[in-house]
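Presented below is the structure to which this report refers.
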Amino acid sequence: MRISLIRRGGVAGMARKSVLETVAGTAQDREMRELVHAAELPRFSEGTLRTGPDRLRYTLSVEDGDAQHSVAFDEEHTPPPLRPLMEAILRHAAASEDPEAT
């Protein structure tokens, strides 16, 4: 499974990308699958993006085999079920010194 979280905007307007690829059967894979399932991503098919100066915008994407889902939202309207998944992505990506994270 490949999960990416892209943050854009803020004062500098820069993008930051965290990517996590799990290995089937590992503890990390099980944890991330549970979080993806709990987040119910298909429920958020409509984005919650709003424009405004310095607003942070996120795109969360999950690819699992042929299944793909992506949702976009802004910092003030982050769906609560997505927060644990976002935190885990950032934690795992930082721990692995993700070469794609910028």
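These numbers were taken from a predicted model, which means no experiment stands behind them.
For the atom pair OG (Ser70) and CG (Leu60), the distance works out to 7.0 Å, reported to the nearest 0.5 Å. Within the model, atoms CD of Glu75 and CZ of Arg57 stand 10.0 Å from one another, a figure rounded to the nearest 0.5 Å. Between atom OG of residue Ser18 and atom CD1 of residue Ile89 there is a gap of 8.0 Å, rounded to the nearest 0.5 Å. With values rounded to the nearest 0.5 angstrom, Lys17 atom NZ is found 6.0 Å from Ser4 atom OG. Put simply, CD on Glu40 and CG on Leu82 are 10.0 Å apart, with the number rounded to the nearest 0.5 Å.
Side-chain contact check for Arg43 versus Pro79: every heavy-atom pair is 4.5 Å or farther apart. Contact check for Leu20 versus Leu5: no side-chain heavy atoms found under the 4.5 Å cut-off.
Under the 4.5 Å side-chain heavy-atom criterion for ILVMFWY residues, no single connected hydrophobic cluster contains both Ile6 and Leu85.
In terms of heavy atoms, Leu41 sits closest to His69 at O-NE2, 2.8 Å. Nearest heavy-atom pair, Gly9 versus Leu56, reported as atom, atom and distance to 0.1 Å: C-CD2, 3.7 Å.
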N/O donor-acceptor pairs under 3.5 Å from side chains in residues 28-36, not counting sequence neighbours:
from: Gln28; atom 1: NE2; to: His92; atom 2: ND1; distance (Å): 3.1
from: Asp29; atom 1: OD1; to: Thr22; atom 2: OG1; distance (Å): 2.6
from: Asp29; atom 1: OD1; to: Arg33; atom 2: NE; distance (Å): 3.2
from: Asp29; atom 1: OD2; to: Gly25; atom 2: N; distance (Å): 3.4
from: Asp29; atom 1: OD2; to: Arg33; atom 2: NE; distance (Å): 2.9
from: Arg30; atom 1: NH1; to: Gly25; atom 2: O; distance (Å): 2.5
from: Glu31; atom 1: OE1; to: His92; atom 2: NE2; distance (Å): 2.7
from: Glu31; atom 1: OE2; to: Arg91; atom 2: NH2; distance (Å): 2.6
from: Arg33; atom 1: NH1; to: Asp64; atom 2: OD2; distance (Å): 2.6
from: Arg33; atom 1: NH2; to: Asp64; atom 2: OD1; distance (Å): 3.3

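Judged by distance alone, with hydrogens and angles left aside, the side-chain atoms of Glu63 form no donor-acceptor pair with the main-chain N or O of Arg2 at under 3.5 Å.
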